Every structure is written in structure tokens, then in C-alpha cells.
Amino acid sequence: MTVTRFAPSPNGPLHWGHAYSAIVAHDLARAAGGRFLLRIEDIDGPRNRPELAEEFRKDLAWLGLEWDEVPAQGTRLARYEEALEKLGSLGVLYKCTCTRAEIAAAASETGPEGPVYPGTCKTREVPPDAPAALRMDLSKALALTGPLCWHDEIAGEQTVDPAGLGDPVLRRKDLPASYHLAVTVDDAADGVTLVTRGLDLFHATPVHRVLQTLLGLPVPRWHHHPLLLDAEARKLAKRRGSPALADHREAGEDGPAWAARLRRGEWPIGISLGKPHI
Ligand code: GLU
């Protein structure tokens with residue numbers, strides 16, 4: 001049975017890009033006679049605005065979608081801790097005290113998420129009480145897993161290639177888990193068989209694939225859909241003025257009619273669909 005999800009972070013209102021993502025996931029689930037889940041990804045520390053979760057539900061209902069809601073990330077901290085203990089016992093974690101500025105200054109490569117971490121803390125002693133993130137040593141991890149593949153429904157069969165990734169953070173200095181760890185643990189806990197999300201997260205998937213093998217979790221399929229872009233061909237973002245769905249909803253516009261237009265590929269004014277894969 002296909003189980004897919006929409007997993008928004010309540011750090012800003014939903015916009016048309018989120019609406020598209022939710023509709024794609026919802027329709028993939030319905031077409032397969034499966035389940036469509038909503039999961040609120042609320043562990044983003046100070047950027048988290050709990051009141052937005054209820055707005056998200058209103059937006060999805062306004063679009064005419066139906067979903068099953070699974071527990072928010074904030075309720076699952078013990079699972080993340082357990083996963084980190086397991087990874088620690090495999091010897092693939094190390095503490096990192098580097099700041100963003102230090103990483104930017106030391107990096108010699110730039111990847112999809114910015115400067116690639118050059119491994120500064122891998123070989124240095126970190127004082128036990130220094131505030132530290134936990135990173136996964138990818139070369140050690142891949143030595144344990146061996147070569148890995150994953151399947152994207154649009155881009156096809158992919159192999160995990162560590163080049164350009166850098167050692168990912170699994171626990172942040174200020175948070176009990178990083179996006180990579182939380183999303184991997186949660187998708188498994190929620191029985192997700194098809195991870196539907198935007199193409200901007202395509203480059204994150206190899207990290208999740210490695211974690212699944214190390215943690216003994218089931219391996220889903222992925223569907224990375226193209227992104228909606230603004231008039232300057234940039235990903236939509238509230239901070240760049242993309243309108244909030246809530247504004248349209250509160251203005252009394254017809255949500256299901258908007259959803260029908262998005263399904264037909266008729267985009268709101270000034271918005272277009274980006275390229276289908278990386
Ligand atoms: N919470 C993430 C976001 O809002 C999406 C995570 C995912 O779909 O894997 O960008």
C-alpha cells in the first residue's frame with residue numbers, strides 16, 4: 001500500500017509551492033488507493049511558530065484535500081536520541097564545534113547546500129563541555145553500508161555518491177536532531193513508502209538512504225517533483241513576497257477551484273513550473 005506525506009515546517013505560512021506539493025502527494029496516494037499523511041515538522045527551534053500548524057490544516061482543507069495527521073516531530077525526540085545512540089555505537093558520529101563562518105572560511109568546495117564541510121573536527125579533540133553538533137562520517141558510514149541505490153519515480157535509479165555532500169549534521173548544537181535524522185526516523189515511524197517532496201531536497205536523499213541502512217529502516221521510493229518558480233525563476237519564498245495561501249483563503253476565494261487549476265498546470269500569475277529534474 002502506498003503511504004505518502006506532506007511535511008511542512010511551521011516557520012512561515014504556506015504558499016503556492018506548498019499547495020502544489022501537497023496536491024501532488026495527495027493525488028499520488030489517492031491514485032494508488034493509499035494514504036496521504038500530514039506531518040508537522042516542528043523542531044526548528046526559534047523559527048518554529050506553533051500557531052501556524054492550525055493554519056496549515058485550514059489551508060489544506062480549503063484546497064479540498066483530506067489527510068491523516070501523524071505525530072509532530074516535537075513528540076518524537078526520544079526516537080531521535082535512540083537513533084543517535086545506535087549510530088554512535090557504530091562509530092560513525094563525531095562532535096563538531098565549527099561555526100558557519102569557520103566552515104565557509106575553511107571549505108574548498110561548494111555543494112547544493114553551500115560550502116561543503118571540510119571535516120575540520122573529524123581529527124581534532126573537542127572539549128567535552130563545548131557546545132557541539134554531531135556529524136556523520138560519511139566515508140566510515142559508506143564503508144559499513146557498501147554501495148547504495150535509491151529510486152526516484154521521476155529521475156529513475158540513483159546511486160549514493162558522497163562527492164560534494166560533506167559529513168552531514170545529525171544533531172544540531174541547539175536542537176536534538178537535524179532535518180536529515182528527524183525526517184528519516186519519522187518517515188519510517190509513519191510507514192511512509194513514497195517520500196513526496198520538492199526537487200530542492202533531491203540532494204538530501206543520499207544521506208537519508210545511508211541512515212536507513214545504518215538504522216535498519218525500510219527503504220521507501222521517492223518522488224521529487226519540480227518546483228514552482230517566481231517571475232525571476234527562483235523557488236517561491238514568503239520572504240521574497242510569494243503570497244500566502246491563507247490570504248487567498250481568508251479573501252473567500254474558491255480553494256478547490258485553485259487546486260483544480262494547479263492540477264491542470266495553470267499557475268497563478270507570475271509563477272511557472274521549474275525543470276523536471278536536477
Ligand atoms: N519540512 C521540510 C520543509 O518544509 C520538508 C521535508 C520533506 O518533505 O522531506 O521544507
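Counting convention: from 1, in listed order, for ligands and their atoms alike. Just so you know, these numbers come straight off a predicted model, no measurement behind them.
In this structure, the side chains of Arg39 and Asp187 come closer than 4.5 Å at one or more pairs of heavy atoms.
Side-chain contact check for Ser242 and Arg234: no donor-acceptor pair (N or O, by modelled atom type) lies under 3.5 Å.
When each atom of ligand 1 is checked for a heavy atom of Glu41 under 4.0 Å away, the hits are 1 (N), 2 (C), 5 (C), 6 (C). Distances below 4.0 Å separate heavy atoms of Val183 from the following atoms of ligand 1: 9 (O). Within ligand 1, counting atoms from 1 as listed, the ones closer than 4.0 Å to a heavy atom of Arg5 are 7 (C), 8 (O), 9 (O). Proximity to Ala7 (heavy-atom distance under 4.0 Å) selects the following atoms of ligand 1: 1 (N), 2 (C), 3 (C), 4 (O), 5 (C), 6 (C).
Every heavy atom of Phe6 sits 4.0 Å or more from the atoms of ligand 1.
With hydrogens left out, the protein atom closest to atom 9 (O) of ligand 1 is Tyr179 OH, 2.8 Å, a heavy atom. Counting only heavy atoms of the protein, atom 3 (C) of ligand 1 lies nearest to Ser9 OG, 3.7 Å. Ranking the protein heavy atoms by distance from atom 10 (O) of ligand 1 puts Leu201 CD1, 4.4 Å first.
Ring pair Trp258/Trp16: centre-to-centre distance below 6.0 Å.
Every N/O-N/O distance between Thr196 and ligand 1 stays at or above 3.5 Å.
Using cut-offs of 30° and 60° for the angle between ring planes, the His18 and Phe6 rings count as perpendicular.
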Point to revise | side-chain hydrogen bond (donor to acceptor under 3.5 Å, both in side chains) between Ser21 and His225, intermediate numbers included | key: CA-CA 8 Å; Ser21 195; His225 59 73; 2.8 Å; yes
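Checked by atom type and distance alone, the side chain of Arg240 pairs as donor or acceptor with a backbone atom of Lys235 at under 3.5 Å. For the pair Arg5 (side chain) and Thr196 (backbone), a donor-acceptor distance under 3.5 Å is present.
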